[in-house]
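Owing to the predicted nature of the structure, the values given are computational and were not obtained by experimental measurement. Chain A is the first sequence line, chain B the second, and so forth, proteins listed ahead of strands; every chain is numbered from 1. Because only heavy atoms are used, hydrogens play no part in the values below, and waters and symmetry mates are left out as well, while side chains stay in.
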Amino acid sequence: MPGEQKISRPLSPHLTIYRPQFTSVLSILHRITGVGLVISLILVIGWFAALSFGIHAFVEINLFFKSYVIQLILVASLWALWYHTCTGIRHLIWDMGFCLDPEWINPSAYIVLFCSLAFTFLTLFLGWFSS
Amino acid sequence: MNIINLSLLVFASGKLEKGTAHWLTQRASSIILIPLTILFVVTFVQNLGSSYEENIAFYKNPFWAFFTFLFFNLTLLHFKQGAEVIIEDYISDHKSGKILMNTNRIFFWIMNFIVLVALSIIVLENNWS
């Protein structure tokens, strides 16, 4: 067995040869958003660290957060977070054994996409009106 | 596969296999994270534009500080476990897989430490001084 481990066999998602489908693209987006959200996780934890350092660090980080690049990352992360949450709930429903029939695959995908966009705009408006 | 049946089976047997424990904690953390995420985003989005004093007044409250710590703690755990699955799936090389697994674990502990220290300072410096 130890000798066999050296053979590099292809691993299960054959990304390079598999034709992209609506469902598979949504599935891989769940992973991509999950990994990508680590950027905003670091940013937001940095924001709390700055808040604990005092008013000068807080003013600095707020200036940093107001830059266009960070604003773009934050808005993209907001959608990514809601998308990941919605597809996560879809996965949990699947794990419990519901909605696994083929006729549910596309409707649930559209529900997830709609909800993620709706939640993004709702939270953006909430942030806009409170600031 | 039914999550309730599976949980009963696992608890009835009295011991958790490593893979089963990973699978169950990933599901448990994601279920708890649904309300936590909604509440965190709704409060954070409103606090982001506020002044230093307003933010301190909000986060020095032990309830919100603990809530925020819990949210970050579970999010970091959720990320750590998700990254573990991704590393297992895509990294076939044993050595680099192990390095990535360790980096992932170190990242988890460092971020948890930063969150804990930051929120402790906010609570302790502004409530009793």
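The most heavy-atom pairs under 4.5 Å with chain A, out of I56(B), D93(B), I86(B), T37(B), come from I86(B). Ranked by heavy-atom pairs shorter than 4.5 Å toward chain B, the options V35(A), V44(A), L74(A) are led by V44(A).
Note that the CG atom of N47(B) and the CH2 atom of W47(A) stand 6.0 Å from one another [nearest 0.5 Å]. With rounding to the nearest 0.5 angstrom, the CG atom of L37(A) is 9.5 Å from the NE2 atom of H78(B). The CG atom of L48(B) sits 6.5 Å away from the CZ atom of F65(A) when rounded to the nearest 0.5 Å. The structure places CG of L92(A) at 7.0 Å from CZ of R27(B), a figure rounded to the nearest 0.5 Å. For the atom pair OG of S52(A) and CG of N126(B), the computed distance is 10.0 Å after rounding to the nearest 0.5 Å. To the nearest 0.5 Å, atoms CG (L119(B)) and CG (L51(A)) are separated by 8.5 Å.
Within the 4.5 angstrom heavy-atom criterion, only side-chain atoms of F58(A), from C-beta onward, approach chain B. Contacts of L124(A) with chain B are absent, with no heavy-atom separation under 4.5 Å from either backbone or side chain. For F40(B), the part lying near chain A is the side chain, with the backbone staying farther off; criterion is any non-hydrogen pair under 4.5 Å. Proximity to chain A (any heavy atom under 4.5 Å) is shown, for I38(B), by both the backbone and the side chain. For a residue to count as touching a neighbouring chain, one of its non-hydrogen atoms must lie under 4.5 Å from one of that chain's; by this rule S120(B) does not touch chain A. Residue contact with chain B, scored on non-hydrogen atoms closer than 4.5 Å, involves the side chain of L81(A) exclusively. Contacts between V41(B) and chain A at a heavy-atom distance below 4.5 Å involve the side chain alone, from C-beta outward. For H30(A), no part lies under 4.5 angstrom from a heavy atom of chain B.
Hydrophobic clustering of Ile, Leu, Val, Met, Phe, Trp and Tyr side chains at less than 4.5 Å, counting indirect connections, unites I110(B) with I39(A). Residue I105(A) is grouped with residue L100(A) when hydrophobic side chains (ILVMFWY) are merged at heavy-atom distances under 4.5 angstrom, including chains of intermediate members. In terms of hydrophobic clustering, with Ile, Leu, Val, Met, Phe, Trp and Tyr side chains grouped at heavy-atom distances under 4.5 Å, W109(B) and V115(B) are assigned to a common cluster. In this structure, F107(B) is a member of the same hydrophobic cluster as L116(B), with clusters built from ILVMFWY side-chain heavy atoms closer than 4.5 Å. Following chains of ILVMFWY side-chain contacts shorter than 4.5 Å, one cannot reach F66(B) starting from I121(B), and the two form parts of different hydrophobic clusters.
Scanning all heavy atoms of the two residues, the minimum distance from N62(A) to S50(B) falls at ND2-O, 4.3 Å. Nearest heavy atom pair, residue A118(B) against residue A49(A), reads CB-CA, 3.9 Å. For L126(A) against V45(B), the heavy-atom pair with the smallest separation is C-CG1, 4.0 Å.
Paired with F48(A) under the rule ring pair (Phe, Tyr, Trp, His ring centres under 6.0 Å), one option of F69(B), F72(B), W64(B), F58(B) passes, and it is F72(B).
When the shell of 6.0 Å around CD of Q71(A) is examined, it contains more than 12 heavy atoms from other residues, nucleotides or ligands. Around atom CH2 of W104(A), no more than 12 heavy atoms belonging to other residues, nucleotides or ligands sit under 6.0 Å away. Sparse packing is recorded around CZ of F53(A), with 12 or fewer heavy atoms of other residues, nucleotides or ligands lying under 6.0 Å away. Residue F125(A) qualifies as open at atom CZ: its count of foreign heavy atoms under 6.0 Å is 12 or below.
You'll find the side chain of R31(A) reaches within 4.5 Å of the side chain of D89(B), heavy atoms only.
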